[in-house]
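In what follows, a single structure is set out as structure tokens and then discussed.
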Amino acid sequence: MELLEKTDKTDKIHDDLLKSFEEKIDRDDTIEPKDRMPDGYRKHLIRQMQQHAHSEVIGMQPEGNWITRAPSLRAKQILLAKIQDEGGHGLYLYSAAETLGISRDEMISQLHSGKAKYSNIFNYPALTWADIGAIGWLVDGAAIVNQVSLQRTSYGPYSRAMVRICKEESFHQRQGYEIMAKMMKGTKDQQEMARDAMNRWWWPSIMMFGPHDTESPHTGDAVKWKIKRHSNDDLRAKFIDKTVQQAEVIGLTIPDSDLKWNEARGHYDHGPIDWTEFFRVIGGQGPCNKQRMAHHLKVHNDGAWVREAAEAYREKRDKQLLHL
Ligand code: FAQ
């Protein structure tokens, strides 16, 4: 009897908490770290936010490869600043994810074990300087479309991190577009490099939005909880529409012969996406997965002494504060 009463009471508390959470979501209030939230919501965010953070950090690698080969001092300075921003975005996102009760160490170990993913796009190589243009224009361009929408995501720390990230991301997109525009005004070889980069980065970029809505297992909960404000396909369509026009302005052709304006939908229709390639790449079998992880692991291990020194300093400072 006592047990039954206790269970009834617990059930009631649980129902009240869930109701209060759902009311906040309905009112478009943000959910904050100390608010009660369903375990599924917390887990969903930990998965998505750490994937996002890992993407920013792993995403530094393809571009980092070109710092020493940038064609001018101006280009080198801009690229350095962009890559540094990406490291910063990773840090905001790790900090925001930590408010959900997972440690940075745990997230990094999930990345290293393959339990946590990072964006498909960073498993492709940056072969020429035009690839740096294509990454900025297409990859950052796709990332912004998604991230602008995430500025209104329901979890407060994630949404606030996105506001800041979006400001920096739009500069990144422009630097990439500028590189491509310049190359398209250059020599025949430069134009060919720009076309080749466009051809190689287009399809992986539109895969960044994730599987079609009907094949996306997480979209249902994400939309219900207002983590996602727009579906994968809606965001992909938005990206394609704006990128087709930008490509036309600089004389580049999108490598999709099925691309056609659909008056009724108010969007471009596109050709079939090779989802077999997508799942192969996110499953660890892309062209650079092994290289990316090996590099991350090495740098993480090489940096162990920095983390130990910071921790020792923190302990010493805490002890001093206790004795004040
Ligand atoms: N890559 O049910 P859904 C950037 C996985 S930041 C790898 O649709 P969801 C800046 C998904 O995890 C780029 N895996 O999943 C930059 C799930 O597998 P799981 C990162 C993907 O979460 C630029 C499965 O497929 N941005 O680029 C991908 O509802 C230049 C089923 O998918 C973000 O992370 C993918 N593209 O929707 C940095 C934005 N797509 O976890 C450096 C935040 C799907 O069950 C240089 N994330 N999967 O094993 C999101 O908005 C969402 O997580 C989606 C996926 C839209 C990516």
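As the structure lists them, so they are numbered: ligands from 1, and atoms in each ligand from 1. As the structure is a prediction and not an experimental result, all values here were calculated from the model.
Using the six-membered ring where Trp is involved, His212 and His270 have ring planes that are parallel, under 30° apart on the 30 and 60° scheme.
At a heavy-atom distance under 4.0 Å, only side-chain atoms of Lys228, from C-beta outward, approach ligand 1. At a heavy-atom cutoff of 4.0 Å, ligand 1 is contacted by both the backbone and the side chain of His218. Within the 4.0 Å heavy-atom criterion, the part of Glu63 lying near ligand 1 is the side chain and not the backbone. Under 4.0 angstrom from ligand 1, the non-hydrogen atoms of Leu150 all belong to its side chain. Under 4.0 Å from ligand 1, heavy atoms of Ser216 appear from its side chain as well as its backbone.
In terms of polar-atom proximity, Thr219 is not counted as a contact of ligand 1, lacking any N or O under 3.5 Å from an N or O of the ligand. Considering backbone and side-chain atoms together, Gln51 places an N or O closer than 3.5 Å to an N or O of ligand 1. The shortest N or O to N or O distance between Ile121 and ligand 1 is not below 3.5 Å. The shortest N/O to N/O separation between Lys82 and ligand 1 does not fall below 3.5 Å.
Gln173 has its side chain out of reach of Val139: every pair of non-hydrogen atoms, C-beta onward, lies at least 4.5 Å apart.
No donor-acceptor pair under 3.5 Å is formed between the side chain of Arg36 and the backbone N or O of Leu17. With Gln61 contributing its side chain and Arg292 its backbone, the two residues share a donor-acceptor pair below 3.5 Å. Although no hydrogens or angles enter the test, the distance criterion places a donor-acceptor pair under 3.5 Å between the side chain of Ser55 and the main chain of Gln51.
Judged as a ring pair (Phe, Tyr, Trp, His ring centres under 6.0 Å), the pairs with a partner in residues 288-318 (not counting sequence neighbours) are, in order, His112-His296, His112-His300. Listed by first and then second residue, the side-chain hydrogen bond (donor to acceptor under 3.5 Å, both in side chains) pairs that reach into residues 315-324 are Arg314-Asp318, sequence neighbours excluded.
Of all protein heavy atoms, the one closest to atom 51 (O) of ligand 1 is Asn146 ND2, 3.1 Å. Protein heavy atom at the shortest distance from atom 23 (C) of ligand 1 is Asp140 OD1, 3.3 Å. Of all protein heavy atoms, the one closest to atom 1 (N) of ligand 1 is Asn120 N, 2.9 Å. Ranking protein heavy atoms by distance to atom 25 (O) of ligand 1, first place goes to Ile282 CD1, 3.9 Å. Of the protein's heavy atoms, Pro217 CD, 3.7 Å lies nearest to atom 31 (C) of ligand 1. The protein heavy-atom contact nearest to atom 49 (O) of ligand 1 is Lys117 NZ, 2.4 Å. In terms of protein heavy atoms, atom 50 (C) of ligand 1 is closest to Gln48 NE2, 3.5 Å.
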**OP:** Might you work through the salt bridge (Lys or Arg N to Asp or Glu O under 4.0 Å) test for Arg229 and Asp28, ending with a clear yes or no?
**Re:** CA-CA 11 Å; Arg229 294 291 188 154; Asp28 274 342; 3.3 Å; yes

Subject >> Pair His267-Asp241, side chain to side chain donor-acceptor pair (under 3.5 Å): steps then yes or no >> reply: CA-CA 6 Å; His267 292 293; Asp241 293 349; 2.4 Å; yes

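Distances below 4.0 Å separate heavy atoms of Ser55 from the following atoms of ligand 1: 13 (C), 20 (C). Interface of Val139 with ligand 1, defined as ligand atoms under 4.0 Å from a residue heavy atom, comprises 23 (C), 30 (C). For ligand 1 and Ala143, the ligand atoms under 4.0 Å from any heavy atom of the residue are 4 (C), 10 (C), 27 (O). Contact atoms of ligand 1 toward Gly210: 40 (N), 44 (C) (distance under 4.0 Å to a heavy atom of the residue). Close approach of ligand 1 to Tyr158 (heavy-atom distance below 4.0 Å) involves ligand atoms 43 (C). Residue contact check: Ser119 has heavy atoms under 4.0 Å from atoms 1 (N), 7 (C), 36 (N) of ligand 1. Atoms of ligand 1 lying under 4.0 Å from at least one heavy atom of Gly59, given by number and element, are 42 (C), 46 (C). In summary, the atoms of ligand 1 found under 4.0 Å from a heavy atom of Pro211, numbered by their order in the structure, are 8 (O), 31 (C), 32 (O), 44 (C).
To the nearest 0.5 angstrom, His44 atom NE2 is 4.0 Å from Ile227 atom CD1. To the nearest 0.5 Å, atoms OG (Ser205) and CZ (Arg200) are separated by 11.5 Å. Atoms CG and CZ, on Asn120 and Phe279 in that order, are 10.5 Å from each other to the nearest 0.5 Å. For the atom pair Ile132 CD1 and Asn65 CG, the distance stands at 7.5 Å (nearest 0.5 Å).
Within a 6.0 Å sphere centred on CZ of Arg152, heavy atoms belonging to other residues, nucleotides or ligands number 12 at most.
At a 4.0 Å cut-off, not a single heavy atom of Ala222 sits close enough to ligand 1 to count as contact. Distances shorter than 4.0 angstrom occur between a heavy atom of Tyr118 and an atom of ligand 1. At least one heavy atom of Glu169 sits less than 4.0 Å from an atom of ligand 1.
By heavy-atom distance, the residue among Met162, Gln173, Glu56 lying nearest atom 6 (S) of ligand 1 is Glu56. With distances taken over non-hydrogen atoms, the option nearest atom 11 (C) of ligand 1 out of Arg47, Arg236, Met208 is Arg47. Atom 28 (C) of ligand 1 has its nearest heavy-atom neighbour, among Phe279, Phe278, Phe122, in Phe278. For atom 34 (O) of ligand 1, the nearest non-hydrogen atom from the set His52, Glu86, Met207 belongs to His52.
No side-chain N or O of Glu277 forms a donor-acceptor pair with one of Trp275 less than 3.5 Å apart.
In summary, Arg195 and Glu192 engage in a salt bridge, as defined by a charged side-chain N under 4.0 Å from a carboxylate O. Between Arg74 and Glu178 there is a salt bridge, since a side-chain N of the basic residue sits under 4.0 Å from a carboxylate O of the acidic one.
Only one option out of Arg236, Lys228, His230 pairs with Asn232 in a side chain to side chain donor-acceptor pair (under 3.5 Å); it is Lys228.
Checked against a 6.0 Å centroid threshold, the rings of Tyr118 and His52 do not count as neighbours.
Put simply, atom 55 (C) of ligand 1 has no protein non-hydrogen atoms near it, under 4.0 Å away. For atom 4 (C) of ligand 1, the protein comes within 4.0 Å by at least one heavy atom.
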